[in-house]
Amino acid sequence: MNIFADIRTLVLENLAAMTGEGALPEGLDFSAVAVEPPRDAGHGDMATNAAMVLAKPARMAPRAIAEALAPRLTADPRVETAEVAGPGFLNLRLAPDVWGSLVQHILGQSADYGRSNLGAGQSVNVEFVSANPTGPMHVGHVRGAVFGDALASLLAFAGYAVTREYYINDGGAQVDVLARSVYERYREAHGLSPEIAEGLYPGDYLVPVGEALKEKYGDSLLDKGEQYWLADVREFATEAMMAMIRADLAQLGVKMDVYSSEKALYGTGKIEEAIDELRSKGLIYEGLLEPPKGKVPDDWEPREQTLFRSTAHGDDVDRPVMKSDGSWTYFAPDIAYHWDKVRRGFDQLIDVLGADHGGYAKRIKAVVSALSDGRVPLDVKLIQLVKLMKNGEPFKMSKRAGTFVTLRDVVEQAGADVTRFVMLTRKNDAPLEFDFARILEQSKDNPVFYVQYAHARIRSVLRKSLEAGLHLTDVPLIEDEAEVKLAKRLAEWPRLVEIAARGHEPHRIAFYLYDLASDFHALWNRGNDQPELRFLQEGDPARSAAKIALPRAVSVVISAGLGILGVTPAEEMR
RNA sequence: AGCUCCGUAGCUCAGGGGAUAGAGCGACCGCCUCCUAAGCGGUAGGUCGCAGGUUCGAAUCCUGCCGGGGCUGCCA
C-alpha cells in the first residue's frame, strides 16, 4: 500500500474521465503528474502538480483545471479536502481514518510493507568490492562493500532478482608479486632471513601464509628457481588471500553469490571470443593512439596497438586491448568478464568502483553497450574516498608507517552495525569522514544509536505490554498531531524505497530512518508532558493496546529499513 | 590540457524542476515524581560558488567561468 501511488492513480483516473467528458483535450501526456508530500505540512497531506503540468499543453489556466479536478477528488472517501493553492497546486487533506488503516495495513504486511514490484523480477548483477587478492581489506574497501551490499538488498526489496558478485583480479602481475612475497615468508618459515625487496608486499599478514606453505610443501621449494614454484605459490597465496577476504567480508556481514576469476578467463579462449565479438561489430582495429593531452610523457613513443573503438559508444578515446608486445592489457579480461555478464542474461549491470577508477567508467560502459547492442544498461557507481579521522584530526593511513587500517581493525573497534550505518550516511559520490572517536561514542552524534534507540524503546514498551498480558490490536488510536506526523512518515516508506532503488541510492534509506526515528522520539517525549499520549496507559489495557499499534508499525519499518542496510535492529540499549 | 565528481548555515552534510531551502554538530534558552534524558522543544545562523540561458516556476536542468578532489598510453 503506497498512499501516494494510490492517490496518484485516483488523480489520473479523474483526469482521464475529464478528458472523456471533454473537460480536457484529448491526447494529453499525464506522465509528469506527481502526487507528493508537500514541503510544508501546513499545506496538507499531499499535493499534486497536475494543473500546472497540464495547463500549457491543454491551453487552459492552471486554476481552472485544478478547480475542476478538486471536487472529483473529494468525492473519494479518502480525500477530505482539495484546495487550490499557490501557482496551481492542489493540496489534499486525507480523511483521518486513512492513517489508521495504514497502520493496520503495515502490521498486517509486517516485514513486507514497502516491498515493491518496481523491478518486476528483472535480474540485476551488482559487482562490488573486487579488491585485489594481495592483502587484507582496508577501510577504503569497506565503503564499497557496504554500499554494494546495501544497494543489492535495496534492489531485492524493490522486486529485482539480484546477484552479488566479486571479480577476483587474480590474473595480473600483482599476484606474481604476491607469490614472490609469500615465497620469502616461506623461506623465513624455514629459518632463513627473508629478502623483502622493494616492490614486494612487506605485510606481516603473509607470515602465516609462508608457514602454511611450508606445511604443504616442506622444503621442496627451497633453493629452486622461480619458474619452478611461481605458479604453485601464486595459486596457494591467492587462495589464502581470498579466504582472508571472505572472512573479512563475513565479519562485515557481506555474502557474495558469485566469485568470478580473472585468471579463469586466460587460456580458455574467452578473451579471444569477446574480442572477436567486438571485431565482428567492426570495433577492433590496429592503430596509433594520440599522446595524452596536456603533459606528454617524456618517453612517449607512438606504437601500433590493437584498439577497441570505444568512441563509437561514448568514450573519449579508443582504448588498447593488446600491448605492443602482443599480450593482453588488463582491459582485455575486463571486456571478457563483462561479455560474460551480458551473456548470462542480466537485464541490468551495476559496477561499484572506487573513485580512483573513475576514468574506467566510460570504457566499460562502452564495452557493455557494444556487446549488448545497447540492450543492457550498466550503471557505474563511484565510491568516494573515506577520510579517516580521530577526534577531528586526519588520521594518516600508511602501509610503511604501520598505520595500515584494515577492515578488521575498523569492525573490531566500531562493530559491523555502526560501520555499515555510518558508511551509508553519505551519498556515494561525496567524500566521507569516518571519525573513530565520534563513532565509538554512543550518543546523538552517532546516528546509528539514534535509530536503534528508537527501535529499542518500542521493543521495551512491547515487552512491558506483553508482561502485563495485554491483548494487542492492529487498530490504532491516533489522536495527537505528533502521532499523525509519525503515521505520515510511515506512509512515505514505500515511495522512498522506490526512489532509492530507482536512483541506486541506499543512503536515502539511512536518512529516512533517521527522520522516522526523530518523529518517533518527538512523540515519545510528548508523553512526558501529556501522560495521556503514553503508549502504556495505567489501568486501561484497551487504550494501551490501541496506543501501541502505531509504535509497533514504526518498529516494523525501522526493522525493515535497517535490514536493507544490513544493520541489526537493537532489542535494547546497554 | 582533457575527462569526472564536488561547491548549500561557523563545521559535517541532506534536498537534485515546484510554494517561506532542511537536519545534525557547535552557540544560546528551556524540559526528567514519568514507557530508558543515549531523548525532546525553542532561539540565533543562508547572495544554495559566480554569470548567463531554458521554463509559468531553477539550489535542482543547460552553457561558460572560478575554486577543490580524483583520473589521464603499452600497471591492475
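Predicted model, so just to flag it, every value in this text is computed and none were measured. All chains are named by letter (A, B, ...) in the order of the sequence lines, taking the proteins before the strands, and each is independently numbered beginning at 1.
- Under the 30°/60° scheme for interplanar angles, the aromatic rings of A:His141 and A:His138 are found to be tilted.
- Secondary-structure annotation of RNA chain B gives the stems B:1-7 with B:66-72, B:10-13 with B:22-25, B:27-31 with B:39-43, B:49-53 with B:61-65, with a stem taken as at least 3 successive Watson-Crick or G-U pairs whose two distances both fall under 3.5 Å.
- Using a 4.0 Å heavy-atom cutoff across all strands shown, A:Pro62 reaches no nucleic acid atom at all.
- Considering only side-chain atoms of A:Asp356, the nucleotide from B:C3, B:C35, B:C71 that sits closest is B:C71.
- For the OP1/OP2 pair of B:C56 and a distance below 4.0 Å, the side-chain nitrogens and oxygens of A:Lys56 include at least one atom meeting the criterion.
- In this structure, A:Glu36 reaches neither bases nor backbone, as no heavy-atom distance under 4.0 Å exists between it and the strands shown.
- In this structure, A:Arg495 satisfies the cation-pi test against A:Phe4, with its NZ or CZ atom closer than 6.0 Å to the six-membered ring centre and inside 45 degrees of the ring normal.
- For the pair A:His507 and B:G15, the criterion of a side-chain N or O lying under 4.0 Å from OP1 or OP2 is met.
- A donor-acceptor contact under 3.5 Å links the side chain of A:Lys427 to the base of B:G16.
- Of the candidate nucleotides B:C5, B:A19, B:C40, B:C40 has the atom lying nearest to any side-chain atom of A:His521.
- Between the side chain of A:Asn91 and the base of B:A19, a donor-acceptor pair under 3.5 Å is found.
- With distances taken from any side-chain atom of A:Leu382 to the nucleotides B:C13, B:U4, B:A38, the minimum falls on B:U4.
- Which of B:A21, B:C40, B:A14 sits closest to the side chain of A:Arg39 comes down to B:A21.
- With ring centers used as reference points, A:Phe147 lies 6.0 Å or more from A:Phe128.
- In this structure, B:C48 shows a glycosidic angle more than 90 degrees from zero, which is the anti conformation.
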5' to 3', nucleotides 41-47 of chain B under a 4.0 Å protein heavy-atom cut-off (B base, S sugar-phosphate only, - none) gives S------
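- In this structure, of B:G18, B:C74, B:C35, it is B:G18 that holds the atom nearest to the side chain of A:Asn49.
- Checked against B:C35, B:G15, B:G73, the side chain of A:Arg508 finds its nearest nucleotide in B:G15.
- We find that the ring of A:Phe511 and the base of B:A14 do not stack by the test of centres under 5.5 angstrom and planes tilted less than 30°.
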